[in-house]
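Just so it is clear, the structure is predicted and the values come from calculations on it, not from any experiment.
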Amino acid sequence: MFLDLKPHERGVVALWGIGKGKIYGIGKVGIPSLASIDNILYVEGLKYNLLSISQFCDSGYIVS
């Protein structure tokens with residue numbers, strides 16, 4: 001769930017096997033006052049959450 005979402009109607013994301021998806025927003029996801037990750041893209045119609053391990057590491061989390 002987005003904690004913060006701002007309109008960002010520029011660009012597309014290549015989606016393996018189904019073409020490209022238009023970016024409609026950029027924001028922050030997480031649990032208020034516990035943990036969050038910034039710069040998450042909202043792609044309308046995408047039915048999956050795609051987070052990379054590198055996003056967690058870049059945000060300072062330890063992944064094991």
Side-chain angles (χ1 to χ4, degrees):
M1 175 167 275
F2 280 94
L3 299 174
D4 176 19
L5 183 63
K6 298 175 185 169
H8 183 83
E9 296 187 13
R10 292 188 307 167
V12 294
V13 176
L15 304 169
W16 184 81
I18 59 173
K20 296 179 180 179
K22 186 176 178 184
I23 299 169
Y24 284 95
I26 188 167
K28 180 192 300 189
V29 295
I31 301 169
S33 74
L34 288 178
S36 65
I37 299 176
D38 296 323
N39 299 320
I40 302 296
L41 302 175
Y42 172 69
V43 179
E44 188 173 63
L46 189 62
K47 297 179 182 180
Y48 303 96
N49 293 321
L50 303 174
L51 294 173
S52 69
I53 298 301
S54 64
Q55 282 179 290
F56 287 105
C57 294
D58 291 345
S59 294
Y61 295 101
I62 298 172
V63 178
S64 59

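Considering only residues two or more places apart in sequence or on other chains, I53 meets the side chain to side chain contact (heavy atoms under 4.5 Å, CB included) condition with C57, V63. Listed by chain and number, the residues in a side chain to side chain donor-acceptor pair (under 3.5 Å) with S54 are S52 (sequence neighbours excluded). Remark: K20 engages V12 in a side chain to side chain contact (heavy atoms under 4.5 Å, CB included) (not counting sequence neighbours). Remark: I23 pairs with H8, V13, L41, V43 by the side chain to side chain contact (heavy atoms under 4.5 Å, CB included) rule, at least two apart or across chains. Under the side chain to side chain contact (heavy atoms under 4.5 Å, CB included) criterion, D4 pairs with K6, K28, sequence neighbours left out.
Nearest heavy-atom pair across F2 and I40 is CE2-O, 3.8 Å.
I26 and L3 fall into different hydrophobic clusters, where Ile, Leu, Val, Met, Phe, Trp and Tyr residues are linked whenever their side-chain heavy atoms come under 4.5 Å apart, directly or through other members.
Alongside I62, the hydrophobic cluster contains no other residue (criterion: ILVMFWY side chains under 4.5 Å).
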